[in-house]
J.: 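Have a look at the structure that comes next, please.
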There are 2 protein chains.
Amino acid sequence: MALEHAILVSLAEREGSGYELTRRFDRSIGFFWRATHQQIYRVLKRMDEAGWVSSVHVPQEGKPDKKVYSVSAAGRVELERWIAEPGEPVEVRDELAVKIRGAAHGDLAALRAEVARHRDAHAERLALYRRLADKDFPEPGALSGTALHQYLVLRGGISAESGFVTWCTEVLDALEGR
Amino acid sequence: MALEHAILVSLAEREGSGYELTRRFDRSIGFFWRATHQQIYRVLKRMDEAGWVSSVHVPQEGKPDKKVYSVSAAGRVELERWIAEPGEPVEVRDELAVKIRGAAHGDLAALRAEVARHRDAHAERLALYRRLADKDFPEPGALSGTALHQYLVLRGGISAESGFVTWCTEVLDALEGR
DNA sequence: GTCTGCATGTAACTGGTTACATGATTAT
DNA sequence: ATAATCATGTAACCAGTTACATGCAGAC
């Protein structure tokens with residue numbers, strides 16, 4: 001149950017409305033924990049009831065009003081508790097791996113095309129992460145605090161995506177049957 | 001919706017009961033698509049109704065009887081269709097990344113311990129995959145067919161787990177504050 | 001007598017996705 | 001005109017987890 005906590009982390013960095021959180025989950029923190037606006041609104045409501053966040057109604061001109069959420073004292077306690085709590089290491093769950101495993105029961109050419117598609121998608125993601133790292137953290141050695149933490153998470157994304165690209169390439173080579 | 005297809009792949013390799021499938025999902029194919037027995041029984045029932053598999057009641061001595069499932073013609077068609085169908089590339093969803101991102105709002109020492117725990121778990125998983133690769137595929141260059149496909153999937157696991165280990169180590173170094 | 005393995009299931013719940021719904025403002 | 005952005009939600013559904021339930025055989 002980490003969406004609550006991902007929202008707490010995001011709101012602790014900066015308060016915001018459900019809509020603004022949705023934008024953030026389309027980028028940054030959402031690269032590592034995706035969520036749709038429906039889910040975010042539902043969970044925000046639950047968190048409000050639990051007292052982890054509080055909201056202020058903010059009227060706007062030319063735009064619809066919004067409800068701005070911020071982390072309460074209880075929310076900060078909960079966030080600290082959760083960060084220290086041991087969790088399960090990520091488990092791989094990869095549809096493509098299942099397809100490769102079943103390659104003998106399908107069309108090899110189609111599967112190769114699929115692997116190439118995944119390789120390209122991961123390469124694009126990797127390029128994006130590298131661009132973000134270069135732009136936002138040009139001097140990694142000098143980082144500390146939240147900027148360092150954000151950089152480290154981005155490094156994890158770069159590591160994961162470059163691993164996928166390498167693996168897809170290896171699979172393609174092996175399936176080419178040259 | 002890939003559990004159906006993971007089961008089809010597994011049953012296409014060898015027929016088996018729900019219980020036997022559960023054992024397989026504790027190893028091999030389950031390393032890349034985990035499932036519990038409850039889920040497997042439920043999905044097998046649905047697949048039977050859909051005509052993708054057929055079952056035979058097999059009486060046993062000294063053990064409870066079992067229902068052995070095998071892939072039907074319709075199931076083989078469905079499996080081939082699914083393998084050729086484009087799917088979504090895996091998305092990273094990592095609780096640990098969220099915790100690191102929120103490090104400023106928690107206890108750093110506890111977080112370091114948590115990262116070290118994850119590093120150890122991934123290192124263990126990596127060692128297991130390497131052991132399996134050495135044992136089952138001692139001559140990777142000579143592989144073809146299903147054995148090659150199984151090896152390639154295992155290579156993906158090795159790549160992913162070694163990526164995690166490297167990343168955790170990098171994070172620990174950066175958070176040591178030396 | 002207690003635990004492990006074999007074997008199959010039901011029921012309740014949680015988390016996440018997809019579709020539907022509304023309505024104003026601004027840019028093309 | 002039409003699409004995109006801002007803003008918030010409901011409802012139905014699907015997938016997956018946890019807990020509960022049964023019962024025999026064989027090993028320690």
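Naming: A, B, ... by sequence-line order, numbering from 1 per chain.
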J.: Picking from D:dG9, C:dA11, D:dA7, which would you name as closest to the side chain of B:Gln38?
T.: C:dA11
J.: Which of residues 79-99 of chain A sit near DNA chain D, with a heavy atom under 4.0 Å from it?
T.: A:Arg93
J.: When you get a sec, tell me which of D:dA7, D:dC6, C:dG9 is the closest nucleotide to the side chain of A:Arg23?
T.: D:dC6
J.: Among D:dT17, C:dA7, C:dT18, which nucleotide sits nearest the side chain of B:Arg34?
T.: D:dT17
J.: Nearest heavy atom decides the nucleotide; on that basis, is A:Ala2 or B:Tyr69 closer to the 5' end of DNA chain C?
T.: B:Tyr69
J.: Nearest to the A:Tyr19 side chain among D:dT18, C:dG16, D:dT5, which nucleotide is it?
T.: D:dT5
J.: Check this for me: does any side-chain nitrogen of one of B:Lys45 and B:Asp48 sit under 4.0 Å from a carboxylate oxygen of the other?
T.: no
J.: What orientation do A:His5 and A:Trp82 show, parallel under 30°, tilted 30 to 60°, or perpendicular over 60°?
T.: parallel
J.: Rounded to whole Å, please give me the gap between CD in B:Gln39 and C1' in C:dA12.
T.: 15 Å
J.: Could you tell me whether the phosphate oxygens of D:dC6, OP1 or OP2, come under 4.0 Å of any side-chain nitrogen or oxygen in A:Ser17?
T.: no
J.: Taking all atoms of both residues into account, what is the closest heavy-atom pair of B:Val115 and B:Cys168, and its distance?
T.: CG1-O, 3.6 Å
J.: Under 4.0 Å from OP1 or OP2 of D:dA7: is there any side-chain N or O of A:Thr22 that close?
T.: no
J.: If we count only N and O atoms by modelled type, under 3.5 Å, do the side chains of A:Glu13 and B:His105 hold a donor and an acceptor together?
T.: no
J.: Taking only side-chain N and O atoms of B:Tyr41, does any of them lie within less than 4.0 angstrom of OP1 or OP2 on C:dG9?
T.: no
J.: Please work out which of the three classes, parallel, tilted or perpendicular, describes the rings of B:His118 and B:His122, given edges at 30° and 60°.
T.: tilted
J.: For the pair made of NE2 in A:His37 and P in C:dG16, what is the distance, rounded to whole Å?
T.: 16 Å
J.: Locate the shortest heavy-atom distance separating A:Tyr41 from A:Tyr19; write the atom from each residue and the value.
T.: OH-N, 3.4 Å
J.: Salt bridge or not between A:Arg46 and A:Glu49? Use side-chain N to carboxylate O under 4.0 Å.
T.: no
J.: Identify the two heavy atoms, one from A:Val53 and one from A:Leu44, that lie closest to each other, and give their separation to 0.1 Å.
T.: CG2-O, 4.2 Å
J.: In residues 42-66 of chain A, which residues come under 4.0 Å of DNA chain C by heavy atom?
T.: A:Arg42, A:Arg46, A:Gly62, A:Pro64
J.: Do the side chains of B:Glu20 and B:Lys66 get close enough for a salt bridge, i.e. N-O under 4.0 angstrom?
T.: yes
